[in-house]
Structure formats: structure tokens, C-alpha cells
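What follows is a single structure, written as C-alpha cells, with notes after it.
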Amino acid sequence: MPRPSELRELLRPAPFTLDATERRLNRAASIGDLRTLARRRAPRAVFDYTDGAAGVGELALRRARETFARLEFHPTVLTDVSGVNTETTILGKPSAQPFALAPTGFTRMMHTEGERAVVKVAQRERIPYALSTMGTTTIEDFAAAGPDARKWFQLYLWRDRAPAKDLVERAAAAGFDTLMLTLDTKVAGARLRDVRNGLAIPPQLTLRTFLDGATHPRWWFDFITTEPLTFANLAGASDGTPGVLIDRVFDPAITLADLEWLRGHWPHKLVAKGVQSVADAKAVVAAGADAVLLSNHGGRQLDRAPVPLELVPAVREELDGQAEVLVDTGITTGADVVAAMALGAHGTLVGRAYLYGLMAGGERGVARAVRILADEVARTMALLGVTEIGQLRPDHVSLRPGR
Ligand SMILES: Cc1cc2nc3c(=O)[nH]c(=O)nc-3n(C[C@H](O)[C@H](O)[C@H](O)COP(=O)(O)O)c2cc1C
């Protein structure tokens, strides 16, 4: 047996971080690891609201993830990849990464730091972030937290157009450079986990809530000691279940005419979010959209919807350079992002990936999520044999049959 003095030659003491959150975040090596931390940290109803999708089998989300998992890369190994550059141009302006942070509602429920934390990370990492109409931070507070961030605003159109017009004007005044109109949420999707968990805003006081307080004391302490959770941009519509809110506030009668109306009121880039067919992509571009976001809302609306990634090549070909093609739903790794770009996307968005980070550790958790994805993007590009996003081609990937 070596003596203690000899052990020092064989083993180095690990640097010790006092802060437990920091320690756990540093050890998280993938978005899946952050999801595990998030699950422990957040109450069940909050985690399930974020993690869950629509329908009995949550098939739209599951299929989207399975499709990414079935992609095979075809590298070229004889190129010099000493200087990989992940920067690209999305909607006319630079983004340090080929992914942006998707708009998500109820964000301060995941962690009370909410959108402010996310926009600070977006600013530091130089990637765009979209504030949701269902967000929990006002347009102005969001802009104040990330004055130099690339800010996008996601709009839901509700029955009365006047407040929507007001939001659009406020977003323009606050320096948002892109507006996304979400088209896939005319009625609420069937979020069965939320029904089972009795999710509501504000949370209902039940025996279950008390028990949850005992198992997630930190979340509850934060929740009751910080400003109340409200839909900061939706005056007068601040409580109910997510489904009831969507059904009360949103307009099931939206058509192309509404997109044209919006085009007339928004002078910057306009994105149609939730497009799921070649025909609709053509139509929204003809009505004035600068980009289509192929998305099924992370599987949270129409279950069994098409896998957005699979639409990318056909939509890109049909639009033939008239508009950009963005894609989301099911992205959990930087390799997924690279694959989507190789198939022809001009950019991607991630939703849950950064929300798991937010739940796991507020701003630091979001930063960790973005770093994990960014490192994976750079490493995948290097191993594929490309140094610029523009070098990615469809023949860098193929879809393996089956699993
Ligand atoms: C918790 C949560 C809330 C969301 N809220 C909104 C929203 O308010 N508006 C919207 O257009 N999309 C919303 N989405 C959809 C996202 O913008 C995005 O399309 C989706 O998360 C992408 O899939 P991914 O989570 O697999 O990355 C939400 C998604 C999640 C997970």
C-alpha cells in the first residue's frame, strides 16, 4: 500500500465548488442531464407542463425526437478543421449559433428569474430569443434586461385586435427586430399531464400543493417571496388553466388575411410560426412572411402532426430563396441542430432544451444549456469535416430506416 505522502503523486484533489447548484450544473454533460436536475428541482406539475406534449401517446413530440435519432452523419475526414466557426445569419442579422431560443409561456413558473435570465444569456451568447405573448415579463422589462440582445416577439392573435396592435407597437418601440405569428394554436392542444396534475395559474392550494412544498421547498420559497406570476403582456387574462386561457383569449378564426393585416402593422422581419405543409409555407410567404418556422409547437398542439424536420427539404425547394426556413420541435443536441442545417434550414429554435436549464438553475442553468448545445454544434461540425455553417450540405446526413 502506498503511504499517504505517496498518494499525492498518484491522485490530485478535485477542485471543490461550495455552491451545490453550480456543482451539479458543471457536472451536467447533456440536455438530458439538465432535464434530470430540472425534474428534481421543480414541482411535478411545473416539470410536466414543460416536458409534456399533447395527446395520449405524445406522438408528435416522440416522432420528432426519434427522427433526429435516426439521422446518420457522413463525414469527410481529410479537411483541416482547426478553425470551426458556428456563426450564421438568421433573418438578415448575425447569430453566434445556428439556434435561437424559442418563445415559451409561463416562464417564471419554471424559475422565478424567468425571461430576464434567458435574455441575459441570449445577449452574452449572441443568439436571438423570442418573448412569448404568454410570457411572464413585460416587453419593456425584457428589453431592459437584455438591451443588446437580439429580441424577437411571438404574437398570438386574439379575438379583439386592438391589444395585439398595441403589443406589436410596443415591441417595435422596445427594439425587437422580428415578430413571429403563431398559427398552430387556434384552440388548446390536449395536454393530458396538465389535466391530471390540475395545473392552474395561480397554483391551487390543495393538500397536494402542501405536500409538494415539502419536497420542493426551494422552488416554493422562491415562488412565494418574489413578484406574483402573471401573464405580463395579457392585461385582464391572468388566471386559469393553460387550456382555458388559450380558449378564452385566442382566436380560432385566424386566416391568411390576419397575417396580411399584421404585415401592414409590422415594419421588420415577420415569421409565420407553426407552418406544417408546403402549401401553407407558400401561402404565408405570398402574404408577406419573411420566413416560415416549420414547427408543431414541440408536439403540444395537434398530436400526430408531421415531423417538422422532414418538411425542411421540400419547403426549402418550394420557396426557392424567397423566404427563410426555420425549424423546431424535438431538438435536444447540437448534433440535431447541425443535421437540420445540413438538410437546408436557415436556423433552428430550441424550447425545452433551455427550459430544463432554467428549471435546474435559473440563469446559470440556461447558460449551461446553451454552452452544452454550442459545444456540441462545434464538435459535430469539426468531426463532420466542415468549418463554416455554409459548408453543410444535405449529403452530410441521411435518414436510417427503422430505428
Ligand atoms: C413550456 C412551453 C411553452 C411554450 N409556449 C409557447 C408560446 O407561448 N408561444 C409559442 O408560439 N410557442 C410556445 N411553445 C413552443 C415553442 O416555441 C417551440 O415551438 C417548441 O418548444 C419547440 O420544441 P422543443 O421544446 O422540442 O424544442 C412552448 C413550448 C414549451 C415547451
Side-chain angles (χ1 to χ4, degrees), residues 53-54 59-61 63-65 67-68 90-92 98-105 128 130 132-134 152-157 164 168 178-189 246 250-263 266 268-331 336-337 339-341 343-351:
L59 296 174
L61 177 62
R63 287 176 186 162
R65 290 205 176 131
T67 304
F68 278 112
I90 306 178
L91 290 161
F99 60 87
L101 306 180
T104 57
S132 160
T133 297
M134 302 284 274
W152 296 354
F153 187 71
Q154 175 269 325
L155 186 71
Y156 281 125
L157 270 185
V168 168
T178 296
L179 184 69
M180 339 186 103
L181 176 66
T182 298
L183 297 164
D184 59 16
T185 310
K186 295 190 170 179
V187 298
I246 288 176
F250 302 109
D251 188 353
I254 292 184
T255 65
L256 211 53
D258 298 291
L259 186 76
E260 283 164 354
W261 171 82
L262 198 59
R263 181 70 285 180
W266 178 256
H268 309 295
K269 296 288 185 186
L270 180 63
V271 181
K273 179 175 190 281
V275 171
Q276 297 171 61
S277 73
V278 174
D280 279 357
K282 246 175 95 171
V284 295
V285 171
D290 299 294
V292 294
L293 170 47
L294 301 173
S295 167
N296 61 34
H297 212 107
R300 299 164 74 82
Q301 285 300 109
L302 176 67
D303 197 19
R304 300 169 194 261
V307 173
L309 179 76
E310 291 185 345
L311 291 167
V312 170
V315 170
R316 171 99 198 223
E317 193 182 325
E318 182 66 39
L319 296 184
D320 196 24
Q322 295 165 56
E324 292 191 15
V325 180
L326 310 177
V327 65
D328 76 16
T329 300
I331 293 175
D336 296 343
V337 172
M341 298 300 285
L343 285 171
H346 293 89
T348 65
L349 281 84
V350 295

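Predicted model, so just to flag it, every value in this text is computed and none were measured.
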Determine all donor-acceptor pairs shorter than 3.5 Å in which one atom belongs to a side chain in residues 278-291; sequence neighbours excluded.
residue	atom	partner	partner atom	Å
Asp290	OD2	Arg263	NH1	3.0
Asp290	OD2	Leu270	N	2.7

TODO: List the atom of Val292, the atom of Val315, and the distance in Å for their closest heavy-atom pair.
DONE: CG2-CG1, 4.0 Å

TODO: Going by the side chain to side chain contact (heavy atoms under 4.5 Å, CB included) test, name the single residue among Val275, Thr329, Asp328 that passes it with Asn296.
DONE: Thr329

TODO: Identify the two heavy atoms, one from Pro98 and one from Thr348, that lie closest to each other, and give their separation to 0.1 Å.
DONE: O-OG1, 2.9 Å

Open item on the list: For Asp258 versus Ala253, what's the shortest heavy-atom pair and its separation?
Closed with: OD2-O, 4.0 Å

- [ ] For Leu157 and Trp261, run side chain to side chain contact (heavy atoms under 4.5 Å, CB included): C-alpha distance rounded to whole Å, both residues' side-chain angles, the deciding distance at 0.1 Å, then the answer.
- [x] CA-CA 11 Å; Leu157 270 185; Trp261 171 82; 3.9 Å; yes

TODO: Report yes or no: does Thr182 contribute a side-chain atom to a donor-acceptor pair with the main-chain N or O of Gly274 at less than 3.5 Å?
DONE: no

Task: Donor-acceptor contact present, side-chain His268 to main-chain Thr178, <3.5 Å - done: no

Open item on the list: Show, in sequence, the C-alpha distance, side-chain angles and deciding distance for Lys186 and Ile254, and conclude whether the side chain to side chain contact (heavy atoms under 4.5 Å, CB included) test is met.
Closed with: CA-CA 7 Å; Lys186 295 190 170 179; Ile254 292 184; 4.0 Å; yes

N/O donor-acceptor pairs under 3.5 Å from side chains in residues 305-313, not counting sequence neighbours:
none

Task: More than 12 heavy atoms of other groups within 6.0 Å of Glu317 CD - done: no

TODO: List the atom of His346, the atom of Leu326, and the distance in Å for their closest heavy-atom pair.
DONE: C-CD2, 4.2 Å

- [ ] Please list all pairs passing the ring-ring contact (aromatic ring centres under 6.0 Å, His included) test where one or both residues lie in residues 288-322, with sequence neighbours left out.
- [x] none

- [ ] Go through the steps for Ile90 and Trp152 under the test side chain to side chain contact (heavy atoms under 4.5 Å, CB included), then give the verdict.
- [x] CA-CA 12 Å; Ile90 306 178; Trp152 296 354; 4.0 Å; yes

Open item on the list: Go through it in stages, so that I can follow the logic: the residues are Ile331 and Phe99, the test is side chain to side chain contact (heavy atoms under 4.5 Å, CB included), and I'd like the CA-CA distance, side-chain angles, deciding distance and then a yes or no.
Closed with: CA-CA 10 Å; Ile331 293 175; Phe99 60 87; over 6 Å; no

Open item on the list: Under a 3.5 Å distance rule, please check whether Thr133 uses its side chain to pair with a backbone N or O of Gln154 as donor and acceptor.
Closed with: yes

